[in-house]
Amino acid sequence: MGSTEVTSVPKKSSENNDIADIYGPNLKILPCNNQVKELQTILRDKNTTRSDFKFYADRLIRLVIEESLNQLPFSKCVVTTPTGAKYNGLKYQKGNCGVSIVRSGEAMEQGLRDCCRSIRIGKILVESDADTHEAKVVYAKFPDDISERKVLLMYPIMSTGNTVIKAIAVLKEHNVLEENIILSNLFCTPIAAKSLVTAFPQMKILTSEIHSIAPNHFGQKYFGCSRFIVGETTNIQGKDI
Ligand SMILES: O=P(O)(O)OC[C@H]1O[C@H](OP(=O)(O)OP(=O)(O)O)[C@H](O)[C@@H]1O
């Protein structure tokens, strides 16, 4: 069967209103165009090679990070052009940091560093019990003054949302204000989106897609390693890479 050409269809404003009605004003979806949809399709396709997966994941990550940075505060400034003219512009406000949730969140660190060269990046490791899916924090390391910073929290997949909810609870224990957190995500299920906006209504969320099927193979395919619990010999995910 031959391919059918698809013209770019921007999201109607009514669809964006639907998202706001369901999830509130602080959850935003990366504007969908054919390029974004193609990246999502490649990442969901089981036949995508690992090298292609990493390449196209990095492209989607870059788009999500750029849009997440757009949620941070900017201040007005005036610069002088080479011809001596004044230009009224914007400048990015300092006082931000990144926090990645190990391990899939680490895939998003390079995209952030490509935009913000020397940004501080903290880490949280949350492990989920293979049977109960209960999430517990194993490790956390943040900049000392994290409570005074805006925090770009990075994790690509939200299935139940439990991992991210646990990580946010740790940030709040370190006195980070909910309204200072921007959650940067690639794929989110409707259940996770609802849980997150209900638990943390002041937090901003930026995702590329809300869909009931979570591509839970992300970390395994991006890094090329299955996950093992130390001391156990079974692959806790039981999935192929
Ligand atoms: O929203 P949740 O239900 O908490 O799930 C979020 C992600 O965590 C799990 O991945 P995995 O344990 O392999 O994480 P990793 O790749 O980051 O190690 C799960 O397969 C999802 O991809």
Side-chain angles (χ1 to χ4, degrees), residues 23 27 29 39-40 42-46 48 50 53-54 56-58 60-61 64-65 68 98-112 121-142 151-172 181-200 203-241:
Y23 302 109
L27 185 146
I29 300 183
L39 296 175
Q40 293 165 340
I42 292 168
L43 297 179
R44 286 182 176 282
D45 186 345
K46 70 173 186 177
T48 298
R50 206 181 75 72
F53 187 91
K54 185 181 177 304
Y56 290 105
D58 286 341
L60 187 59
I61 286 167
V64 166
I65 291 288
S68 302
V99 169
S100 67
I101 303 176
V102 181
R103 109 192 115 154
S104 295
E106 292 174 302
M108 302 177 75
E109 289 183 6
Q110 191 57 48
L112 179 60
I121 299 182
K123 305 237 183 209
I124 308 180
L125 172 56
V126 179
E127 287 284 8
S128 293
D129 185 283
D131 300 319
T132 64
H133 296 289
E134 195 194 330
K136 68 171 196 288
V137 176
V138 177
Y139 172 90
K141 199 86 174 168
F142 304 129
V151 177
L152 201 77
L153 180 64
M154 298 174 282
Y155 200 59
I157 311 297
M158 291 193 286
S159 185
T160 61
N162 287 347
T163 304
V164 172
I165 287 173
K166 199 74 187 173
I168 295 162
V170 178
L171 290 177
K172 292 183 80 170
I181 303 171
I182 296 146
L183 171 60
S184 198
N185 169 259
L186 302 188
F187 298 100
C188 181
T189 63
I191 290 171
K194 200 71 196 163
S195 300
L196 263 294
V197 298
T198 305
F200 309 110
M203 179 180 72
K204 291 195 173 85
I205 303 174
L206 194 284
T207 186
S208 96
E209 187 179 36
I210 296 182
H211 192 285
S212 53
I213 301 166
N216 285 336
H217 57 285
F218 189 94
Q220 294 181 46
K221 200 140 179 182
Y222 189 94
F223 292 107
C225 303
S226 301
R227 295 194 60 210
F228 292 89
I229 293 176
V230 175
E232 292 188 5
T233 52
T234 43
N235 175 353
I236 61 167
Q237 299 291 323
K239 293 171 194 156
D240 297 329
I241 296 172

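Just so you know, ligand 1 is whichever comes first in the structure, and atom 1 is the first atom listed for that ligand.
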Engineer: For ligand 1, which atoms, with element, lie under 4.0 Å from some heavy atom of G219?
Structural biologist: 16 (O)
Engineer: Which ligand 1 atoms does S104 reach within 4.0 Å, using its non-hydrogen atoms?
Structural biologist: 15 (P), 16 (O), 17 (O)
Engineer: From I61 CD1 over to L186 CG, what is the distance, rounded to the nearest 0.5 angstrom?
Structural biologist: 5.5 Å
Engineer: So, taking the atom named OG in S100 and the one named CG in L152, what distance separates them when rounded to the nearest 0.5 Å?
Structural biologist: 10.5 Å
Engineer: Give yes or no for whether the N/O distance cutoff of 3.5 Å, strictly under, is met between S159 and ligand 1.
Structural biologist: yes
Engineer: At their closest point, which heavy atom of Y155 faces which heavy atom of S104, and how far apart are they?
Structural biologist: CE1-CB, 3.8 Å
Engineer: Are any of the side-chain heavy atoms of L27 and I210 separated by less than 4.5 Å?
Structural biologist: yes
Engineer: For the 3.5 Å polar cut-off, considering only N or O atoms, please tell me whether T163 and ligand 1 meet it.
Structural biologist: yes
Engineer: Find all atoms of ligand 1 within a distance of less than 4.0 Å from any non-hydrogen atom belonging to I157, and give their numbers and elements.
Structural biologist: 6 (C), 7 (C), 21 (C), 22 (O)
Engineer: Quick check: does G161 get an N/O under 3.5 Å from an N/O on ligand 1?
Structural biologist: yes
Engineer: Run the contact test for Y155 against ligand 1 with a 4.0 Å cut-off on heavy atoms, strictly below, and give the result.
Structural biologist: yes
Engineer: Short list, please: which atoms of ligand 1 are under 4.0 Å from a heavy atom of M158?
Structural biologist: 1 (O)
Engineer: State whether the side chain of R44 and the backbone N or O of I213 hold a donor-acceptor pair below 3.5 Å, judged by distance alone.
Structural biologist: yes
Engineer: Rounded to the nearest 0.5 Å, what separates atom CZ in F223 from atom CZ in F53?
Structural biologist: 10.0 Å
Engineer: With backbone taken as N, CA, C and O and side chain as the heavy atoms from C-beta onward, which portion of F218 lies under 4.0 Å from ligand 1: side chain, backbone, both, or neither?
Structural biologist: neither
Engineer: Can you tell me if S128 uses its side chain to pair, donor with acceptor, with the backbone of A135 under 3.5 Å?
Structural biologist: no
